[in-house]
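The structure appears below as structure tokens.
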Protein chains: 2
Amino acid sequence: MRSSDLPQVRSLSLFDDMDDSSFDALMQTAYLQVFPAQLELITEGDPADFLYIVTEGCVELFARSNGRESTMAMVRPVGTFILAAVLKDAVYLMSARTAQRSKVLLIPSENVRDIFQKDEQFARSIVVELANCYRSVVKEHKDLKLRSAVERLANRLIRMHKQQGESGTLTLPFDKRTLASLLGMTPENLSRAFNTLRPYGVDVDGMTIGLNDIKSLETLAKPNVLIDDQLT
Amino acid sequence: MRSSDLPQVRSLSLFDDMDDSSFDALMQTAYLQVFPAQLELITEGDPADFLYIVTEGCVELFARSNGRESTMAMVRPVGTFILAAVLKDAVYLMSARTAQRSKVLLIPSENVRDIFQKDEQFARSIVVELANCYRSVVKEHKDLKLRSAVERLANRLIRMHKQQGESGTLTLPFDKRTLASLLGMTPENLSRAFNTLRPYGVDVDGMTIGLNDIKSLETLAKPNVLIDDQLT
DNA sequence: ACAGAAACTTGATAATTATCAAGGAGACCC
DNA sequence: GGGTCTCCTTGATAATTATCAAGTTTCTGT
């Protein structure tokens, strides 16, 4: 498998410390595939056959139980998902589907575990990646347990705004229904939460959100580095 | 440091594959300490100075934000906590306090990271431990997003009952206030949730809970291996 | 450009969960 | 043994969030 996407995959912190030979061995059996939007890539409960890496587009991780469904996370380029299941040779805890047309690299699980055993540097990089994943979920969990719906939305907007360069405007990276589910509320409630935030300078125009009074929005949101910061 | 607790610490999957020399090096600077109940061991936001291992008692991991507080997890012997922060040399995302008088082993972070670099087997064990931690939080998060308060309680009771040998009776391993917070509800609500479960054979007598109609309780709870099972 | 579908919004209402206030049970201490 | 304290429970009420049922807008494909 050869492709112009390889360098960007290689540059992931998960891979950039490993030997060329190991990386090549890992990619030997990998394949890059383009999927249309709304295609279910993996289903929770299935054995973890591949490690997935999103190189273009966007993938939604979600979970189902008892007829309900909830978005757990959104994976944007360049990001991996379900690493833990692959390493443990366990079943997936979450399902995944493309939120839009997406390019995804699939590396057979056995191969990942094999190189993990052989390449010490790769094993160490995996530790860092897993630690980051763990801390991300802990933050999500704190967000849900310690904040109201409106607060979760406000903080998420502030976060997206930062990621997009703090121009005073942001574009939602996925549709509102998915955002609602990610934030743990219904679409109707998200709509109302946006209305609640209007007095705090939040202007909604489709997927474009204007933040015209960040000071006051932050007073309401009370952002917390131990929940909202990607780095800490 | 020598102690009768060492063998049980050594038997943790995190340590049982490592060299004797590495283990000894790790324990060289470690110290075992007994803390009274309700003592705050670590505070979120502080740098991760130690890896903690509970050998006796019970430790509560909790988080605070904006004047609110929520229990994130309970760590029982023999279990570790805040491994991710130690490895990343980052600040703690959660605070910890003893739920009862507890014996805790503290290993200086630097030492953990040092041995992690030197002992390949230890590094691999850490991956497994981290993957397990990650999957546990994902399950907690699913539990909270996909279930109502009563369902969360019902499933937790079923889980505790299994852990305690399915005798028809279980003993709550910590007080109801903490259980309520862990399950993401108020103490008042937990009390009412118990009442709601009475028609399903749940009898409350202080810390002792009788489960007299598990079939019907399971019909309500709809346990899911991808949320409730410790192993998967 | 237009029809149809999907996504989003709004209003009305219901369910769930939280808050406040008070009472009761049990543990602990002198 | 009585008092005090903490924890738990219960009742009344309020706030939050979800559901149901239209509308409205936006997107898509032809």
Side-chain angles (χ1 to χ4, degrees), chain A residues 36-39 58 60 65-71 97-101 143-157 171-198 202-209 220-221, chain B residues 36-38 58 60 65-71 97-101 143-154 156-157 171-198 202-209 220-221:
Chain A
Q38 296 304 318
L39 189 89
C58 185
E60 175 191 4
S65 187
N66 194 11
R68 289 159 226 166
E69 187 179 302
S70 185
T71 303
R97 71 182 150 222
T98 50
Q100 50 189 254
R101 181 188 151 89
D143 188 52
L144 194 59
K145 289 191 90 173
L146 292 165
R147 287 171 169 163
S148 71
V150 171
E151 289 170 336
R152 293 197 297 276
L153 174 59
N155 280 295
R156 190 71 54 146
L157 291 177
T171 305
L172 297 180
F174 35 83
D175 61 21
K176 288 178 187 163
R177 191 168 48 111
T178 308
L179 177 62
S181 183
L182 180 65
L183 294 176
M185 60 183 100
T186 57
E188 293 95 327
N189 237 309
L190 176 65
S191 220
R192 291 184 178 111
F194 270 123
N195 287 339
T196 306
L197 291 181
R198 199 175 354 227
V202 176
D203 277 344
V204 180
D205 177 19
M207 299 292 265
T208 305
I209 315 291
L220 173 107
Chain B
Q38 297 303 318
C58 185
E60 174 191 5
S65 187
N66 194 11
R68 288 159 227 168
E69 187 179 302
S70 186
T71 303
R97 72 182 150 223
T98 50
Q100 48 190 252
R101 181 188 151 88
D143 188 52
L144 195 59
K145 289 192 88 174
L146 291 165
R147 287 172 170 162
S148 71
V150 170
E151 289 171 334
R152 292 199 296 277
L153 174 59
R156 190 71 54 147
L157 291 177
T171 305
L172 297 179
F174 34 84
D175 62 22
K176 289 178 185 161
R177 193 168 46 111
T178 308
L179 177 62
S181 183
L182 181 64
L183 294 176
M185 60 183 100
T186 58
E188 294 96 326
N189 237 309
L190 176 66
S191 219
R192 291 182 179 114
F194 270 122
N195 288 338
T196 306
L197 291 181
R198 201 176 351 227
V202 176
D203 277 343
V204 180
D205 177 19
M207 300 293 263
T208 305
I209 316 290
L220 173 107

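By convention in this document, chain letters (A, B, ...) are assigned in the order of the sequence lines, proteins followed by strands, and residues within each chain are numbered from 1. The shown structure was predicted, so the numbers you read here are calculated from the model rather than taken from an experiment.
- In this structure, A:I209 places its CD1 atom 11 Å from P of C:dC8, rounding to the nearest Å.
- In the displayed structure, A:R68 atom CZ is contacted under 6.0 Å by more than 12 heavy atoms of other residues, nucleotides or ligands.
- No side-chain heavy atom of B:V204 sits less than 4.5 Å from a side-chain heavy atom of B:L197.
- Between A:M185 atom CE and A:S148 atom OG the span is 8.0 Å, to the nearest 0.5 Å.
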Which pairs would a plain distance check flag for residues 187-196 of chain A, meaning a side-chain donor or acceptor within less than 3.5 Å of a matching protein atom at least two apart in sequence or in another chain?
from: A:N195; atom 1: OD1; to: A:R198; atom 2: NH2; distance (Å): 3.1
from: A:T196; atom 1: OG1; to: A:R192; atom 2: O; distance (Å): 2.9

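- The terminal axes of the helix from C:dA1-D:dT30 to C:dC30-D:dG1, fitted over 5 pairs per end, subtend an angle of 50° to the nearest 10°.
- Contact check for A:R156 versus A:D143: side-chain heavy atoms found under the 4.5 Å cut-off.
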Scan nucleotides 6-21 of chain D nucleotide by nucleotide, 5' to 3', and note B when protein non-hydrogen atoms come under 4.0 Å of the base, S if they reach only the sugar-phosphate, - if neither.
-SSSBBB----SBBB-
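- Every residue was checked against the side chain to side chain donor-acceptor pair (under 3.5 Å) condition with A:R152, not counting sequence neighbours, and none meets it.
- Side-chain atoms of B:D175 and B:T178 form a donor-acceptor pair, as typed in the model, at a separation below 3.5 Å.
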Could you list the protein-to-nucleotides 22-30 of chain C atom pairs, N/O on both sides, closer than 3.5 Å?
none

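- The distance from atom CD of B:E151 to atom CG of B:L146, rounded to the nearest 0.5 Å, is 9.5 Å.
- Scored by the side-chain contact (heavy atoms from CB on, under 4.5 Å) test, A:Q100 finds A:C58, A:S102 as partners (sequence neighbours excluded).
- Rounded to the nearest 0.5 angstrom, A:L157 CG and A:L172 CG are separated by 7.0 Å.
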